Amino acid sequence: MSHKLFSFSTIPLFFICCLPPLVSSFPSAGRFGFGTYDFYARSCPYLPMIVTNDVQTAIRNDNRMAASLLRLHFHDCFVNGCDASILLDDTDELEGEKNALPNRNSVRGYEVIDSIKADVEKACPSTVSCVDILALAAREAVVQSGGPFWPVQLGRRDGLTANKAAANSELPSPIEPLKNITAKFIAKGLDIKDVAVLSGAHTVGFAQCFTFKHRLFNYKGTGRPDPALDSSALPNLQSICPNQDSSNTNLSPLDTASVYRFDNGYYTNLMQSTGLLESDQALMGDSTTAALVRAYSMNPYLFSSDFAVSMAKMGNIGVLTGQDGEIRKVCRSVNN
Ligand code: HEM
Ligand SMILES: *[C@@H]1O[C@H](CO)[C@@H](O)[C@H](O)[C@H]1NC(C)=O
């Protein structure tokens, strides 16, 4: 009797969990495809649960951590591909990426990945790569902030090297033109739409004053603020970032309206010329990206679904598979 109940109740669950449409609506799966969504289903069945719980704990301890984990994944994937190279510490033999200009005193969340990895190692030793953990943690961070879910293909392997020079030259800068940023995305197999969509990640998290203060007082030697920044935003930003070096590391929300909420507020800000970074507001200066900004500001569901597609694409940049790379035991260093 109990045996029958068990088998009946599991059948419908099986069908619910394994219906294909969600996966097939992601066009990148075929083109970039490498692993499967259930790559660790047998070897580490509790992986998703561990990541979900640990990300939840991390965000509870520090609201900003969701944003930081998302950015950590981006900065990993744009340098040497998604290979957890950003997680490697400097050693005598290896110069890591953590001290590259875009990362140093800026990228956060390394300890959270360390602690998820430690929990995963306890459950399934030497099985799950650090880079897959990072990709899953970034997805969880977005979901738990109210943003979209996207299926993460698994089976990435951890790199054996890092590339500090590439971190300095291939990550986008907030003061370079949209053309240059787009070229950096194209070099990674992404496109100008991905620039507009993925910049929407700036709906969460913070920026230090030095990344945008040049807009507030004397923009390009004019003696006036950046005309692309609406004057209504000035008093608040000038008070957070007084015109002196001592304010350089003060923080402003990237999306003042809802800093911890993954919504489409970023695009509403751009429509009102209150985007924080010069590179954010620059999306309004190009007809292709401006049309996307307008669409996303009016339709949060369109933004959610496009963001999910672009994140899945970004998460598959230059991945190591098969026998390449390794499964690190500790995310901060390569195995002996
Ligand atoms: C398009 C070009 C981009 C530029 C120029 C850019 C630049 C920046 C800068 C300057 C900051 C502030 C860093 C600091 O003050 O320490 C920042 C923060 C952030 N970026 Fe981007 N970013 C870009 C794209 C992206 C993408 C594609 C993502 C993720 C998909 C992303 C996610 C984030 C997040 C979540 C934060 C806040 C992090 C935190 O609060 O810890 N950014 N970005
Ligand atoms: C943008 O890229 C061009 C080369 O395509 C380069 O000469 C220029 O210095 C770059 N601008 C910035 C601000 O990085």
Side-chain angles (χ1 to χ4, degrees), residues 32 34-35 37 39-40 44 47-59 62 64-89 96-98 100 102-103 106-121 123-124 126-145 147 149-163 166-167 171 188 198 201 204-205 308 310-321 324-335:
F32 290 85
F34 56 97
Y37 303 100
F39 190 82
Y40 300 109
C44 200
L47 171 66
M49 216 194 267
I50 296 170
V51 175
T52 300
N53 280 322
D54 287 4
V55 168
Q56 191 170 53
T57 303
I59 295 173
D62 172 3
R64 186 184 173 191
M65 193 47 71
S68 302
L69 290 171
L70 176 56
R71 184 166 186 242
L72 187 54
H73 178 44
F74 163 51
H75 281 212
D76 177 35
C77 289
F78 262 58
V79 181
N80 272 11
C82 309
D83 66 344
S85 56
I86 195 171
L87 302 179
L88 294 172
D89 284 339
E97 295 162 15
K98 290 180 177 177
N103 295 338
S106 179
V107 164
R108 314 166 70 246
Y110 301 115
E111 305 76 15
V112 172
I113 300 301
D114 288 340
S115 105
I116 301 174
K117 174 66 170 175
D119 289 344
V120 170
E121 284 297 295
C124 11
S126 292
T127 303
V128 183
S129 64
C130 293
V131 58
D132 275 348
I133 287 172
L134 179 51
L136 287 170
R139 197 268 313 281
E140 278 311 305
V142 169
V143 168
Q144 291 182 27
S145 305
F149 174 95
W150 62 93
V152 173
Q153 282 182 276
L154 298 168
R156 298 168 189 76
R157 289 168 65 85
D158 297 324
L160 305 174
T161 56
N163 193 337
L171 285 165
K188 304 296 168 191
L198 292 175
V204 289
S310 288
M311 282 303 296
K313 246 169 111 178
M314 189 185 88
N316 291 357
I317 295 171
V319 299
L320 301 168
T321 58
D324 294 341
E326 65 179 9
I327 305 296
R328 276 182 217 152
K329 292 195 176 63
V330 171
C331 294
R332 288 175 180 269
S333 58
V334 298
N335 298 338

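Residues: numbered from 1 along the sequence shown. Owing to the predicted nature of the structure, the values given are computational and were not obtained by experimental measurement. Side chains are part of it too, since the values below use all heavy atoms of this structure and drop only hydrogens, waters and symmetry mates.
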Note to self: Restricting to non-hydrogen atoms, name the atom on Ala66 and the atom on Ser145 that form the minimum distance, rounded to 0.1 Å.
What the structure shows: CB-OG, 3.3 Å

Notebook entry, point to check: Is any side-chain heavy atom of Gln144 closer than 4.5 Å to a side-chain heavy atom of Gln56?
Noted result: yes

Checklist line | Heavy-atom check, side chain of Val128 versus side chain of Ile133, under 4.5 Å | finding: yes

Next item on the list: Using the side-chain contact (heavy atoms from CB on, under 4.5 Å) rule, take Val330 and Lys117 through it: C-alpha gap first, then chi angles, then the decisive distance, then the call.
Entry: CA-CA 7 Å; Val330 171; Lys117 174 66 170 175; over 6 Å; no

Item checked: Side chain to side chain, Leu88 and Arg328, heavy atoms closer than 4.5 Å -> yes

Notebook entry, point to check: Short question: side chain of Asn335, backbone of Lys329 - any donor-acceptor pair under 3.5 Å?
Noted result: yes

Note to self: Can you give me the closest heavy-atom contact between Ile116 and Ala137, atom names plus distance?
What the structure shows: CD1-CB, 4.1 Å

Note to self: Does any part of the side chain of Gln153, heavy atoms only, come nearer than 4.5 Å to the side chain of Phe39, both counted from C-beta?
What the structure shows: no

Margin query: Holding to salt bridge (Lys or Arg N to Asp or Glu O under 4.0 Å), I want the full list of residues that pass it with Glu326, two or more places apart in sequence or in another chain.
Written below: none

Checklist line | Intermediate values then yes/no, side-chain contact (heavy atoms from CB on, under 4.5 Å), Leu154 and Tyr40 | finding: CA-CA 8 Å; Leu154 298 168; Tyr40 300 109; 3.9 Å; yes

Next item on the list: Taking the side chain as every heavy atom from C-beta outward, state whether Arg64 and Arg108 have any atom pair closer than 4.5 Å.
Entry: yes

Item checked: Minimum heavy-atom distance between Tyr37 and Pro151, given as atom pair plus value -> CE2-CB, 3.4 Å

Next item on the list: Applying side-chain contact (heavy atoms from CB on, under 4.5 Å), run through His73 and Arg139 and close with a yes or a no.
Entry: CA-CA 9 Å; His73 178 44; Arg139 197 268 313 281; over 6 Å; no

Notebook entry, point to check: With distance as the sole test, does Asp76 use its side chain to make a donor-acceptor pair with the main-chain N or O of Ala84 at under 3.5 Å?
Noted result: yes

Check: What's the spacing between Lys313 NZ and Leu198 CG if we round to 0.5 Å?
Finding: 8.5 Å

Checklist line | side-chain contact (heavy atoms from CB on, under 4.5 Å) between Cys77 and Lys188, worked out | finding: CA-CA 9 Å; Cys77 289; Lys188 304 296 168 191; over 6 Å; no

Next item on the list: Decide yes or no for Val112 and Asp54: does some side-chain heavy atom of the first lie under 4.5 Å from some side-chain heavy atom of the second?
Entry: no

Notebook entry, point to check: Which atoms form the tightest heavy-atom contact between Ile50 and Asp119, and what is the distance?
Noted result: CG2-CB, 3.7 Å

Note to self: Check Asp324 with Arg157, please: is the shortest side-chain N to carboxylate O separation under 4.0 Å?
What the structure shows: no

Check: Any side-chain heavy atom of Leu70 sitting closer than 4.5 Å to one from Met311?
Finding: yes

Margin query: What's the separation between atom CZ in Arg156 and atom CG in Asn316, rounded to the nearest 0.5 Å?
Written below: 5.5 Å

Next item on the list: First locate atom OG of Ser85, then atom CG of Leu320, and finally report the distance between them rounded to the nearest 0.5 Å.
Entry: 9.5 Å

Item checked: CG-SG distance between Leu87 and Cys130, expressed to the nearest 0.5 angstrom -> 6.0 Å

Check: Atom OG1 of Thr127 and atom CG of Leu47: how far apart are they, to the nearest 0.5 Å?
Finding: 10.0 Å

Checklist line | Minimal non-hydrogen separation, Val107 against Pro102, with atom names | finding: CG2-O, 4.2 Å

Margin query: Looking at Asp158 and Ser129, would you say the former's side chain and the latter's main chain have a donor-acceptor pair under 3.5 Å?
Written below: no

Notebook entry, point to check: Quick one: does Val55's side chain get under 4.5 Å of Met65's, heavy atoms only?
Noted result: no

Next item on the list: Rounded to the nearest 0.5 Å, what's the gap from SG on Cys331 to OH on Tyr110? Could you check?
Entry: 12.5 Å

Checklist line | Cys82 versus Gly315, closest heavy-atom pair with distance | finding: SG-O, 3.3 Å

